[in-house]
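Quick notes on the structure that follows.
Note that the coordinates shown come from a computational prediction; the quantities given were computed from them, not determined experimentally.
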Amino acid sequence: QVRLTESGGGSVQAGGSLRLSCAASELTTRDSCLAWFRQVPGKEREGVAYINTGTDDKKYGDSAKGRFRIWEDKGKNEVYLQMDSLRLDDSATYYCAALPVYIYGLDCKANSGTYKFWGQGTQVTVSS
């Protein structure tokens with residue numbers, strides 16, 4: 001069973017930075033989609049950043065473009081989300097998600113219902 005474990009959340013002032021990490025284990029396919037989503041109470045889970053581990057193609061949600069960066073360390077089986085210029089509305093629980101990929105070059109930017117495996121989430125709080 002795939003296990004995803006997030007870390008790196010916390011509290012930061014607006015304009016600051018945080019780096020989230022997700023350790024992925026038991027991925028059974030050569031390629032995977034790995035993604036970061038976030039959610040605040042009462043709202044749908046929102047896609048933040050996506051990466052195809054086979055092609056290294058990266059995609060971002062509109063709120064993340066220009067401020068966040070996703071990348072993977074294949075040796076460590078970890079995916080990271082660097083978040084810069086944080087805003088108050090970035091406060092949320094951030095989740096790591098994985099989807100096994102069976103078709104090379106799959107576009108990983110997809111809604112949360114497409115992703116099969118999820119971490120437990122890590123809280124990010126941005127204050128003024």
- Task: Would you indicate whether the side-chain heavy atoms of S32 and L99 approach each other to under 4.5 Å?
- Result: no
- Item | Non-hydrogen atoms of L106 and C33 that approach each other most closely | CD2-SG, 4.1 Å
- Task: Mind checking the CG-NZ spacing from D56 to K74? Nearest 0.5 Å is all I need.
- Result: 6.5 Å
- Query: Once you round to the nearest 0.5 Å, how far does SG of C22 lie from CG of L81?
  - Reply: 10.5 Å
- Please lay out, stage by stage, how R3 and F117 fare under the test side chain to side chain contact (heavy atoms under 4.5 Å, CB included). CA-CA 8 Å; R3 288 192 301 173; F117 302 103; over 6 Å; no
- What heavy-atom pair brings A98 and L34 nearest, and what distance separates the two atoms? CB-CD2, 3.6 Å
- Message: Counting C-beta onward and ignoring hydrogens, is there a side-chain heavy-atom pair between K109 and Y60 closer than 4.5 Å?
- Response: no
- Given C96 and V79, is the side chain to side chain contact (heavy atoms under 4.5 Å, CB included) satisfied, shown in steps? CA-CA 9 Å; C96 179; V79 62; 4.0 Å; yes
Under 3.5 Å, side-chain donor or acceptor atoms of residues 121-128 against the rest of the protein: list the pairs with distances, not counting sequence neighbours.
residue	atom	partner	partner atom	Å
T122	OG1	G9	N	3.2
Q123	OE1	T93	OG1	2.8
Q123	NE2	A92	O	3.3

- Pairs satisfying ring pair (Phe, Tyr, Trp, His ring centres under 6.0 Å), at least one member in residues 72-108, at least two apart: W71-Y80
- Who pairs with R67 by side-chain hydrogen bond (donor to acceptor under 3.5 Å, both in side chains), at least two apart in sequence or on another chain? D90
- Message: Run D57 and C108 through side chain to side chain contact (heavy atoms under 4.5 Å, CB included) and show every step you take.
- Response: CA-CA 8 Å; D57 180 50; C108 292; over 6 Å; no
- Rounded distance (nearest 0.5 Å) linking atom CG of L4 with atom CD of E78: 11.5 Å
- Query: Do D62 side-chain atoms and K65 backbone N/O form a donor-acceptor pair below 3.5 Å?
  - Reply: no
- Item | Set of residues satisfying side chain to side chain contact (heavy atoms under 4.5 Å, CB included) with respect to D89, sequence neighbours excluded | R87
- Message: With a 4.5 Å cut-off on side-chain heavy atoms, are V2 and S25 touching?
- Response: no
- To the nearest 0.5 Å, tell me how far T29 OG1 sits from I103 CD1. 12.0 Å
- Message: List the residues meeting ring pair (Phe, Tyr, Trp, His ring centres under 6.0 Å) with Y115, not counting sequence neighbours, and say none if there are none.
- Response: F37
Taking only distance into account, with no hydrogens and no angle test, what donor-acceptor pairs under 3.5 Å do side-chain atoms of residues 10-20 form with protein atoms, sequence neighbours excluded?
residue	atom	partner	partner atom	Å
S17	OG	D84	OD1	2.7
R19	NE	Q82	OE1	2.8
R19	NH2	Q82	OE1	3.3

- Say whether T53 and R30, considering side chains only, have a donor N or O and an acceptor N or O under 3.5 Å apart. no
- Item | Donor + acceptor pair across side chains of E46, S63 (<3.5 Å) | yes
- Min side-chain heavy-atom separation R38-V40 under 4.5 Å: no
- Note on the structure: CD1 (I70) and OH (Y50) are apart, to the nearest 0.5 Å, by 9.5 Å
